[in-house]
2 protein chains.
Amino acid sequence: MATPPLREPLTQQRVVERAIEIADSDGLDAVSMRALGDALGVVPMALYKHVANKDQLLDLMVDVIVLEMRLEHPSSAAWKPAARERLLYARTAMENHPWAWRAIETREAPSPVALDHIEAMIATLRSGGLSPRLVHHVMHTLGSRLWGFAQEVFASAPPPTDPAQLEAAMAFMAQRWPHVLEVAAASSHDPNTVVGGGCDDAAEFAFAIDVILDGAEALHHAPSREWALPDSNR
Amino acid sequence: MATPPLREPLTQQRVVERAIEIADSDGLDAVSMRALGDALGVVPMALYKHVANKDQLLDLMVDVIVLEMRLEHPSSAAWKPAARERLLYARTAMENHPWAWRAIETREAPSPVALDHIEAMIATLRSGGLSPRLVHHVMHTLGSRLWGFAQEVFASAPPPTDPAQLEAAMAFMAQRWPHVLEVAAASSHDPNTVVGGGCDDAAEFAFAIDVILDGAEALHHAPSREWALPDSNR
DNA sequence: ACCTGAACACCGTTCAAGT
DNA sequence: ACCTGAACACCGTTCAAGT
């Protein structure tokens with residue numbers, strides 16, 4: 001009588017799924033080959049039968065998230081609302097996996113799944129008649145927003161919770177960085193939490209992509225027609 | 001007779017300068033406490049007398065680069081060319097230290113030096129009469145471009161050098177990602193290097209900030225005056 | 001005051017060995 | 001076929017000790 005296996009054999013899919021679970025709950029740094037092995041009840045080196053190395057593991061994790069950004073049929077046929085919907089859809093996937101932007105940023109080349117996403121957005125913009133050259137600039141201007149995130153540098157500084165400290169900090173800012181304070185106050189939805197925290201990421205994302213898409217539309221219709229020539233290399 | 005010291009004692013400044021030199025020449029990953037100690041002819045643990053830990057070392061390295069972005073007197077008094085000049089100036093500093101965006105991105109809170117940079121840009125935008133709320137949105141839209149970089153996700157894929165491989169890759173792209181190929185071809189300055197590589201980063205940066213600043217100007221002058229109300233919280 | 005040595009708790013990964 | 005154990009070459013950092 002053969003001894004039955006004590007657990008399911010690993011597969012690449014199980015390895016990647018578990019890695020995503022760990023990243024979702026504990027962050028990307030918690031995904032080490034050793035911790036992932038532990039979570040799967042296996043010695044770390046066993047993982048190397050299913051992924052070539054950690055880099056390929058990250059590739060596969062990113063592909064799962066990018067696949068979640070796939071939008072088969074935008075609800076509008078017009079290029080601008082369709083592009084807008086694609087970008088907001090990508091942002092939803094990113095919101096569900098807050099670690100993913102850090103993984104995407106370290107990928108060196110686009111996978112076929114990523115190229116499918118790029119292709120869909122470019123096709124949408126081209127369907128509006130925007131020239132290849134204008135579309136190219138727009139894609140660069142969108143930058144990471146194509147992948148549903150904007151790198152909000154220095155965005156995560158929480159204000160002090162102690163009211164006395166908060167008041168002191170605000171007094172100091174009013175003296176040394178008065179314009180920063182004024183703009184932070186203007187952005188705050190809740191007037192009581194004036195410094196940081198009061199920022200609506202979704203609204204900022206929407207504002208930014210509207211500026212970019214409106215700008216693209218304006219250039220497309222510009223009287224110079226510089227951007228409208230479909231067959232030039234401009 | 002006291003034995004003279006065999007080398008200059010370390011200072012925080014020397015530690016940070018050497019770390020920046022290593023990052024400039026070998027990349028940010030080459031800056032480990034151990035390698036930095038080696039480069040200074042000192043055991044790694046000696047560094048902890050001058051920086052609290054590696055995180056503070058990165059803070060200090062970033063501050064040096066952000067200080068290089070300081071522009072005392074823009075050459076125009078008008079807000080838009082002045083803002084444009086600030087952004088391009090920041091990009092120059094970033095170009096000289098290609099590792100710096102990776103370090104900036106991992107900082108959690110802005111240092112005083114970083115707040116000075118933010119303050120200068122906000123003051124420039126406010127000098128044009130843009131409302132605090134519009135300025136806030138514009139700052140978010142600029143995102144990392146305020147720090148002179150745009151995260152060009154998946155931008156660094158070099159095309160195959162072997163002509164046969166290149167032709168095969170292009171044939172495959174033409175079939176599966178036709179719009180990507182068309183747009184890549186339109187962007188290429190040299191028609192012989194059609195896939196990747198032919199992209200002018202400086203031109204893309206300039207295009208993007210012009211779209212954003214032009215968009216800000218249009219909203220500032222918009223007939224709705226939604227963005228022009230200086231004293232509301234909108 | 002400033003630097004050192006040994007050690008701890010981690011990494012990713014290779015290679016030969018086990019069942 | 002699939003997993004394991006021991007080992008290698010790295011990390012950042014602490015702590016007690018040296019001069």
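Here is how names work: the chains are called A, B, and so on, in the same order as the sequence lines, proteins then strands, and each is numbered from 1.
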Non-hydrogen atoms of A/Ala100 and A/Met94 that approach each other most closely: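 Closest heavy-atom pair between A/Ala100 and A/Met94: CB-SD, 3.5 Å.
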Closest heavy-atom pair and its distance - B/Ala35, B/Ala30: CB-O, 3.6 Å
Roughly how many Å is it from [atom1] in [X] to [atom2] in [N], rounded to a whole number?
| X | N | atom1 | atom2 | result |
| --- | --- | --- | --- | --- |
| B/Lys54 | D/dC11 | NZ | C1' | 8 Å |
| A/Tyr48 | D/dA1 | OH | P | 22 Å |
| B/Asp38 | D/dC10 | CG | C1' | 13 Å |
| B/Leu47 | D/dC11 | CG | P | 13 Å |
| A/His50 | D/dA1 | NE2 | P | 13 Å |
| A/Asp29 | D/dC11 | CG | C1' | 13 Å |
| A/Asn53 | D/dA9 | CG | C1' | 17 Å |
| B/Gln56 | D/dT13 | CD | P | 11 Å |

Sugar-phosphate only, base, or nothing, as touched by B/Met45 at under 4.0 Å among non-hydrogen atoms: base
Touch class at under 4.0 angstrom, heavy-atom based, for B/Lys49 against every strand present: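 Counting heavy atoms under 4.0 Å across all strands, the contact made by B/Lys49 includes a base.
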Would you indicate which nucleotide in [options] comes nearest to any side-chain atom of [X]?
| X | options | answer |
| --- | --- | --- |
| A/Ala46 | C/dG12, C/dA7, D/dT4 | D/dT4 |
| A/Arg34 | D/dA7, D/dT13, D/dT4 | D/dA7 |
| A/Pro9 | D/dG12, D/dC3, D/dT4 | D/dC3 |
| B/Met33 | C/dG12, C/dC3, D/dG12 | D/dG12 |

Donor-acceptor pair between A/Glu119 and B/His179 side chains, under 3.5 angstrom: yes
Span that lies between the P atom of D/dA9 and that of C/dA9, in whole angstrom: 22 Å
Base-pairing assignment for C/dC8 (Watson-Crick or G-U wobble, both under 3.5 Å): D/dG12
Identity of whatever pairs with C/dA1 - Watson-Crick or G-U, under 3.5 angstrom: D/dT19
Electrostatic pair A/Glu17-A/Arg14, nearest N-O below 4.0 angstrom: no
Along DNA chain C (nearest heavy atom to each residue), the more 5'-positioned of A/Ala35 and A/Ala52: A/Ala35
A/Arg70 CZ: over 12 foreign heavy atoms closer than 6.0 Å: no
